Amino acid sequence: DTAVSQTPKYLVTQMGNDKSIKCEQNLGHDTMYWYKQDSKKFLKIMFSYNNKELIINETVPNRFSPKSPDKAHLNLHINSLELGDSAVYFCASSPSGYEQETQYFGPGTRLLVL
Amino acid sequence: QKEVEQNSGPLSVPEGAIASLNCTYSDRGSQSFFWYRQYSGKSPELIMSIYSNGDKEDGRFTAQLNKASQYVSLLIRDSQPSDSATYLCAAAPNTDKLIFGTGTRLQVFP
């Protein structure tokens, strides 16, 4: 069984479009995260939610809007896509968000904006 | 200044050798440190975590932490070609987020 899953795996779209990425975890974890990994492999936190509540909101353009309908799901909606949004987006989860916990990553969504 | 720094590599070692990966961090409040391995096109997976000064061993992997020097390292003994990947160092300040370095690419050649 997949622990942290994301859809879609690949996303190719035009500038200006709006797109969503979905994430689900079946680990029973309370905390979920969105990370962006750029072409230089730099992995940076964007958002985290604990039991549907927004905990971390890094300096991310407000075109990015996360939504957590329940603690097992964390979706990411991106409005007015730009070329610089091209990256791999990883969802992750951890049991309760405590700093010593392991974070488990999903397979990633490879976004290419043309 | 980057919060977690790593040499991007590639670090090339022969099969059977010891690979030494290094990482420095700037936030003295960081208490937890992690090494993740990421194969090309795949997601990061945890290799080791370390919270106290000194060494922590797990199989062929040894993590070393020196909080005074703000330095974390990962040693891989008896390196195998299957160890070839990017190794990401991460630090957790007193919050619930991880700060990642840019990763060191390791190449183990037969």
Side-chain angles (χ1 to χ4, degrees), chain A residues 2-7 9-10 21 23 25 27 29-51 53-60 66 74 87-110 112, chain B residues 1-11 21 23 25 27-52 56 58 63 65 67 72 84-107:
Chain A
T2 303
V4 182
S5 59
Q6 295 179 228
T7 54
K9 191 170 181 179
Y10 299 97
I21 307 172
C23 179
Q25 54 95 2
L27 297 167
H29 290 170
D30 285 343
T31 305
M32 297 183 72
Y33 310 81
W34 277 114
Y35 286 87
K36 178 181 179 180
Q37 188 170 44
D38 61 24
S39 58
K40 295 183 179 178
K41 298 292 188 186
F42 184 48
L43 191 62
K44 187 169 168 56
I45 182 82
M46 300 173 70
F47 303 101
S48 80
Y49 272 72
N50 182 278
N51 206 4
E53 180 183 345
L54 180 65
I55 302 298
I56 294 173
N57 184 349
E58 290 293 290
T59 308
V60 176
L74 180 61
V88 182
Y89 292 84
F90 286 102
C91 177
S93 74
S94 66
S96 54
Y98 183 54
E99 64 191 43
Q100 291 196 356
E101 292 174 344
T102 299
Q103 292 187 17
Y104 297 85
F105 284 80
T109 295
R110 285 144 187 85
L112 178 60
Chain B
Q1 181 188 3
K2 288 185 182 173
E3 296 179 67
V4 176
E5 294 209 40
Q6 298 179 252
N7 187 320
S8 60
L11 172 66
L21 304 160
C23 169
Y25 61 95
D27 188 336
R28 283 196 173 274
S30 298
Q31 299 295 320
S32 306
F33 304 88
F34 305 84
W35 282 99
Y36 281 80
R37 178 178 62 198
Q38 186 174 24
Y39 291 113
S40 181
K42 301 295 185 183
S43 57
E45 55 177 337
L46 183 72
I47 297 295
M48 294 278 290
S49 58
I50 186 166
Y51 314 117
S52 305
K56 179 182 177 183
D58 184 1
L65 174 60
K67 290 186 180 180
V72 192
S84 298
T86 296
Y87 288 80
L88 303 170
C89 173
N94 288 327
T95 63
D96 57 356
K97 68 179 180 182
L98 286 181
I99 307 298
F100 281 88
T102 51
T104 298
R105 190 156 64 94
L106 173 67
Q107 294 177 335

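Please read these numbers as outputs of a predicted model, since none were measured by experiment. Values below: every heavy atom of this structure, side chains too, minus hydrogens, waters and symmetry copies. Below, chain A is the first sequence line, B the second, and so on; all start at residue 1.
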* Please determine which of A/F42, A/Y33, A/Y35 meets the ring pair (Phe, Tyr, Trp, His ring centres under 6.0 Å) test together with B/F100. =>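 Of A/F42, A/Y33, A/Y35, ring pair (Phe, Tyr, Trp, His ring centres under 6.0 Å) with B/F100 is met by A/Y35 alone.
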
Shortest non-hydrogen contact from [X] toward [Y]:
X      : Y     : answer
A/Q103 : B/L98 : NE2-CG, 3.6 Å
A/E58  : B/K97 : OE2-NZ, 3.0 Å
A/G106 : B/S43 : O-CB, 2.9 Å

Any chance you could measure [X], atom [atom1], to [Y], atom [atom2], to the nearest 0.5 Å?
X      : Y     : atom1 : atom2 : result
A/K40  : B/S8  : NZ    : OG    : 10.0 Å
B/T102 : A/K44 : OG1   : NZ    : 13.0 Å
A/E101 : B/L46 : CD    : CG    : 12.0 Å

| query | Is it the side chain or the backbone of B/Y36 that comes within 4.5 Å of chain A heavy atoms, both, or neither? | reply |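 For B/Y36, the contact with chain A is made by the side chain alone.
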
Check your understanding: What part of B/L88 is in contact with chain A, defined as an atom under 4.5 angstrom from a non-hydrogen atom: side chain, backbone, both or neither?
Key ->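 When you check distances to chain A, only side chain atoms of B/L88 fall under 4.5 Å.
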
Tell me every residue that passes salt bridge (charged side-chain N to carboxylate O under 4.0 Å, His left out) with B/R105, counting only those two or more places apart in sequence or in another chain.
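By the salt bridge (charged side-chain N to carboxylate O under 4.0 Å, His left out) rule, B/R105 matches no residue at all.
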
* **Contacts of B/E45 that satisfy salt bridge (charged side-chain N to carboxylate O under 4.0 Å, His left out) - sequence neighbours left out** =>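 So B/E45 forms a salt bridge (charged side-chain N to carboxylate O under 4.0 Å, His left out) with B/R37.
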
- Query: What option among A/F90, A/Y104, A/F105 has the most heavy-atom pairs under 4.5 Å with chain B?
  - Reply: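 Counting heavy-atom pairs under 4.5 Å, the top option is A/F105.
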
